[in-house]
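The block underneath contains the structure these notes are about, expressed in C-alpha cells.
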Amino acid sequence: MGFLDIRNVTKSYGAVEVLHRVDIAVEEGEFLVLVGPSGCGKSTLLNMIAGLEGITSGDIAIKGRVINNVHPSKRNIAMVFQSYALYPNMTVGQNMTFGLEMHGVPKLEREKALAEVSKLLQIDHLLDRKPGQLSGGQRQRVAMGRALVRDPDVFLFDEPLSNLDAKLRVDMRTEIKKLHQKLKTTIVYVTHDQIEAMTLSTRIAVMNKGYVQQLGTPKEIYDTPSNLFVATFMGSPAMNIIPAKVAMVNGVPHAEVMDADGKPCHLRFDQANLADWAGKEILLGIRPEVITDPEGADRASRNIQSLRNRVTVTEPAGSDTFVTMTLSGKDAIARMRADATVAPGQVFDFAVNMEKAVAFDPKTEERIRP
Amino acid sequence: MSAVTQDTAVRTGRITRTFIYVVLLVFALFYLLPFFVMVVNSVKPLSEITGGNMMALPQVWTLEPWRQAWSTAQVGVEPTGLRPYFMNSVMMVVPAVAISTVVGALNGYVLTKWRFRGDSILFGLMLFSCFIPFQIVLIPMARLLGLMGLAGSVPGLILVHVVYGIGFTTLYFRNYYAAFPTELVRAAMIDGAGFFQIFWRIMLPVSGPIIVVSVIWQFTNIWNDFLFGVSFGGTSQPMTAALNNLVNSSTGVKEYNVHFAGAILAALPTLIVYIVAGRYFVRGLMAGSVKG
C-alpha cells in the first residue's frame with residue numbers, strides 16, 4: 001500500500017468511459033508525472049485526486065484513508081493550476097494565506113508560514129502586490145507558494161509550466177526539481193511535455209486513450225518502452241520504427257533491414273528469444289542516439305553493428321548533427337557528434353548499438369520481451 | 001511621423017473631423033432642447049408662460065413652482081405635493097434594485113460555476129421572462145398579491161419588480177461570470193472556501209462593472225415604471241403615478257411651471273444615476289466581449 005493509492009479507478013461520462021481501470025501506488029516523497037497527448041485522461045485523473053471530479057468506480061486513498069467522497073478542502077492536498085488561478089482582487093500575501101484562513105489557522109501562524117514560504121521561493125518582496133502586477137514567472141512562484149503554505153500531504157500540478165516562454169520554462173523546471181529534492185514532498189504532476197516528464201519525475205505514467213500504457217522510472221520508460229505508443233511518444237526526435245524481418249545467421253537472430261538501394265543488411269540482435277520469430281516480420285525500434293558514426297559509438301556496448309547506408313539529409317543542431325537515411329523504405333534519424341563529417345548523398349558506415357534496440361510485434365504493437 | 005497618436009479605428013482628416021463635430025453638436029442640441037424648455041419654464045411665474053414665449057429665459061426667476069410641486073401641489077385630492085410619493089418610490093426602488101441584483105448575481109454564479117442537469121433550460125426559461133409584456137401578468141399578479149395580502153402596498157410593488165427584474169439581472173450576471181475562470185473557483189474550493197465564501201470573497205470583488213449595469217438598468221426601469229405602480233400601488237403609489245395625477249388634473253388652472261418642476265423631480269434620480277455611473281454602464285455591457 002502506497003502513500004497515495006489509485007486503485008482500479010474508472011471514470012465515465014454517461015456511457016462513455018474515459019479512464020479505464022487505473023492502478024497506481026505512489027510512495028511518500030515520490031514525484032509521479034502523468035504524461036500523454038491531450039485527451040488521454042491525465043487531467044481528469046488529477047482532478048479526481050483533487051476531488052474536483054467524481055470517481056465512477058474504484059478507490060483513491062491518501063495515507064490509507066479512502067477519500068472518494070471527501071470534499072477537496074478536506075483531502076489535505078494543494079493544487080497548482082495551469083492558469084495559476086490567483087485571486088485577482090487579493091494581494092500575493094492574501095492569495096497565499098487564503099487557504100489557511102479558510103481552514104481557521106490563527107493569524108500569527110499564517111504569517112509565520114507565509115514568511116517562510118515566500119522566503120524559500122524568493123517572493124518576499126512581492127507580498128503586497130496584486131497578481132496583475134506580476135510577470136509570468138512570478139505568478140508561477142506565487143501559485144506554488146500558495147500550495148506550499150498549506151503543507152499538504154500531496155501536491156498536484158496541472159501543466160504548471162505550459163504558460164511560460166521556453167527559457168523560463170526550463171528555469172522553472174529546475175526550480176521545481178530543486179524544491180522537490182529539498183522538501184521531499186509527494187507530487188503528482190500532469191504534463192504533455194515528455195521532456196518535463198523525463199527530467200522531473202521519479203516515476204512516469206504514460207497515458208493514452210484513458211489507459212495507463214506504462215508505469216515506470218524514466219529510464220525504464222525510455223529504454224524499455226512496453227509498446228509502440230510509449231516508444232514513439234517519449235523521446236525527441238522520436239524512436240525510429242523500422243519494419244524488419246528476423247533472419248537467422250549462424251544460428252543467431254538478426255534484424256534484416258533494407259538500405260537505401262534495397263539491399264538487405266543484417267544487424268545482430270542481443271535478444272536470444274527473437275529466434276522464435278525467425279522468418280517473421282517485426283518492427284525494429286532504435287533511438288536516434290543509438291545510430292552514430294563509428295567513433296561516436298558507445299564504448300561500453302558489447303554489440304555494435306555496422307550499417308552501410310546513404311545519407312539523405314543532414315541537420316546540424318549545434319550540439320548534435322541529425323542525419324536522415326532511408327531504412328526499409330522509411331526515414332530513420334541518426335544522432336551524430338556535431339563534428340562528424342557527413343554530407344548528403346554520401347555512403348557512410350553507421351554504427352548501431354544493438355544492445356539498445358527493441359523489437360515490437362507488428363500486430364499487437366507490444367514489445368517482444370526478452 | 002506624428003507624435004500624437006489617436007485611439008481611433010478610422011483615420012480622419014481635418015475637414016471630416018470638423019464635419020463630425022458639427023453633426024454631433026446639432027444632435028446634442030436637438031436632444032437637449034426639451035430639457036432646456038422644462039428647466040427654463042420651471043423657474044418662471046405662470047403668467048410668463050401663458051402670456052409669452054416658451055423658449056424665452058424668465059424675466060422673474062423663481063423657485064416657487066419647485067416648492068409647490070414638491071410639497072403643496074394638489075395631487076389627486078390631497079394638497080401634499082409630490083414629496084410623499086417620492087418617498088414611496090425611494091422605499092420601493094432601493095430594496096427592489098438591491099434584491100433583484102443580489103438574486104441575479106447568485107443565479108449567475110450558480111448557473112456558471114455550479115452547473116447542474118438542466119441548468120441551460122432553466123436559464124432559457126428565465127431569459128424568456130424578459131420578453132413577457134407587463135400587461136399580460138396584470139390580472140394574475142393582482143390575484144397573487146391579494147392572496148399574499150400585499151396588494152396596494154410598497155412590499156407588494158417590491159415583489160412585482162423583483163420578480164420582473166430577476167430575468168434581466170440573471171442574464172447580466174450569468175454572461176459576466178461565464179467569462180470568469182472556473183479554475184479560480186476550483187482553487188478556492190481546494191483552499192476550503194464554501195459556496196458563499198467563494199461568492200463573497202472571490203466573485204463579488206471583481207463584479208463591479210456588472211453590478212453597475214444591473215443597478216442602473218433596474219433603477220431606471222423600476223423608477224420609471226407607471227403601469228405596475230398605478231395598478232398595484234393602492235395608497236402607496238410611486239412618483240410616476242403621482243406625476244400623472246398632478247399633470248392630468250382636470251380641475252382649475254393648468255400650472256405648467258409646477259408641472260415642469262414635478263416632471264424634472266421625477267426624472268432627476270435616474271439622471272443622477274446615469275451621470276454618476278454611466279461610463280461604467282457602457283464598459284460593463286461590453287465586458288467579456290473583447291479579450292483584455
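Only a predicted model underlies this, so the values are computations on that prediction, with no experimental measurement involved. By convention in this document, chain letters (A, B, ...) are assigned in the order of the sequence lines, proteins followed by strands, and residues within each chain are numbered from 1.
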* Residues of residues 194-204 of chain B within contact distance of chain A, non-hydrogen under 4.5 Å -> B/Gln197, B/Arg201, B/Ile202

* Salt bridge between A/Glu196 and A/Arg173, side-chain N to carboxylate O under 4.0 Å? -> no

* Within-4.5 Å side-chain heavy-atom neighbours: B/Thr220 and B/Tyr274 -> yes

* Any side-chain heavy-atom pair from A/Leu148 and A/Leu179 closer than 4.5 angstrom? -> yes

* Asked: Near A/Leu108 CG, under 6.0 Å, is it more than 12 heavy atoms from other residues, nucleotides or ligands?
  -> no

* NZ/A/Lys177: more than 12 non-hydrogen atoms of other groups inside 6.0 Å -> yes

* **A/Tyr189 and A/Phe155 aromatic centres sub-6.0 Å** => no

Would you mind checking which part of [X] comes under 4.5 Å of any heavy atom in chain B, side chain (CB onward), backbone (N, CA, C, O), both or neither?
X	answer
A/Leu86	backbone
A/Glu101	side chain
A/Arg146	side chain

* **Polar side-chain atom of A/His180 near backbone of A/Ile176 as donor-acceptor pair, under 3.5 Å** => no

